[in-house]
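The structure appears right after this line, and notes come after that.
The structure displayed is predicted, hence computed values, not measured ones.
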There are 2 protein chains.
Amino acid sequence: MTIEAISKAIGDESRRKIIEMLKDGEMPASSIFDQFDYAAPTISRHLSVLKEAGLVTTRRNGVFIYYALEKEALNQLATWLYPLLPPTNPVAKPAPKERVARAPKVKIENPFDKFQSEF
Amino acid sequence: MTIEAISKAIGDESRRKIIEMLKDGEMPASSIFDQFDYAAPTISRHLSVLKEAGLVTTRRNGVFIYYALEKEALNQLATWLYPLLPPTNPVAKPAPKERVARAPKVKIENPFDKFQSEF
DNA sequence: TAATAAATTAGCTCAAAAGCTAAACATAAT
DNA sequence: ATTATGTTTAGCTTTTGAGCTAATTTATTA
C-alpha cells in the first residue's frame, strides 16, 4: 500500500486495464484473463502485483477467485497527486450557452480545479 | 503526454521526488542534482524521461537549464484516476469538535469525495 | 478416486530501464 | 583562445520486469 508500489503498479498498461475492468465490481480471474491476448500466467502475475500493492483483494468461491478493486489504495495516489495539480481557475463557471460564442475562451485546466479551495 | 508515458514516469521514486521539488516553481538542473546521491547523468536521464512524458518543460538561461513542472500533464493522470475513486461519502461534514466523541465514526474515504457530485 | 477446470508457481528468455564513468557540448568568464 | 562550469550524450553493466511454457495446487464432478 505504499505510493511506491501503487505508482509502479499503475505504470503498466495491462494493470491499468485490469483496474478499469474492476471499476464496477469484482470479477473472477478467468474473466480477466479472457480480456487479454496474453497467457493466463502473465495476467496472473499482473494480478499479484496489483494485490501486493493493495490495489485489489481476492475472495475464493469454489474454484473461482474473485478480484475486486480496492479503491482506498487509489486514494493514496490521489492524495499524492492532488497538491501538485494546477491552481484553481478564477472563472469557475463557463458562460451560459447562448453567450459562449462571444464569451472569452476560458480553459478549465484541471477537473479538480473548482474544488481546490475547499480541499 | 500519453497516460502510458505519464504513469510510467511517475512509477519511479526519483522522478516523483523531482516532481515534488518542482511543485512551487522552476529549478535549474544542478539544484535538482544536488538533492540526490545519484550521479548527475542518472538524474539528467530521469529529467529527460519526465520531459518526454510532457511532465516538465525547460528553458535555458545562460549556462543553466531550468526545469518546470507541467501541471497540465498531471491532469491527465487525475482524469484517468478520478472515475475510479470510491463513491461520495453521504456525510460530507464531520461533527463539530465538541461532539466528536459521541458522534458516529464516519470515515472520509477519499479527499475528492465531497466534490464528486459536482464533477 | 480419477478426471477436469481454475488459478498460481517455477523456471526460463528477452527487453527495458536504472545506474555508472568518460566524453562531448554549450555558454560564460578570464 | 583557454579555462571553467553546467548539462547532456555515449557506451557500458546490472537489475528489473514482462512474457512464455510446463508443472503444481485447489476444488469440483464423474
Contact class for A:F36 vs. all strands (heavy atom < 4.0 Å): base, sugar-phosphate, or nothing? nothing
Could you check how far CD1 of B:I32 sits from P of D:dG6, rounded to whole Å? 14 Å
Are B:Y82 and A:L77 connected into the same hydrophobic cluster when the rule is that any two of I, L, V, M, F, W, Y join if their side-chain heavy atoms are below 4.5 Å apart? yes
I'd like to know if the side chain of A:K8 and the backbone of B:I10 have a donor-acceptor N/O pair within less than 3.5 Å. no
Dump the intermediate steps for salt bridge (charged side-chain N to carboxylate O under 4.0 Å, His left out) on A:E70 and A:K51, then the final yes or no. CA-CA 9 Å; A:E70 201 56 52; A:K51 193 172 179 180; over 6 Å; no
Using whole Å, what does the distance between atom P of nucleotide D:dT9 and atom CG of B:L47 come to? 11 Å
Between CZ of B:R59 and P of D:dT7 the distance, given in whole Å, is 12 Å
Any donor-acceptor N or O pair under 3.5 Å, side chains A:R45, A:T42: no
Less than 4.0 angstrom between a side-chain N/O of A:S30 and OP1 or OP2 of C:dA7, yes or no? yes
OP1 or OP2 of C:dA7 versus the side-chain N and O atoms of A:Y66: is any pair under 4.0 Å? no
Judged by atom type as modelled, is there a donor-acceptor pair below 3.5 Å linking the side chain of A:N75 to the main-chain atoms of A:A78? no
Nearest-Å distance for atom pair CZ/P, residues B:F33 and D:dT5: 16 Å
Return the value, rounded to whole Å, for the distance between atom CG of A:L50 and atom C1' of D:dG17. 14 Å
Over how many whole Å does the gap from B:I65 atom CD1 to D:dG6 atom C1' extend? 8 Å
Output the rounded distance in Å from CZ (B:F64) to C1' (D:dT7). 11 Å
Specify the separation, in whole Å, of atom CG of B:N61 and atom P of D:dG6. 14 Å
Same apolar cluster: A:L85 and B:W80, side chain cutoff 4.5 Å: yes
Does A:E13, at its CD atom, have more than 12 non-hydrogen atoms belonging to other residues, nucleotides or ligands within less than 6.0 Å? no
Sugar-phosphate or base contact per nucleotide [nucleotides 18-26 of chain C; S, B, -; heavy atom under 4.0 Å]: SSBBB---S
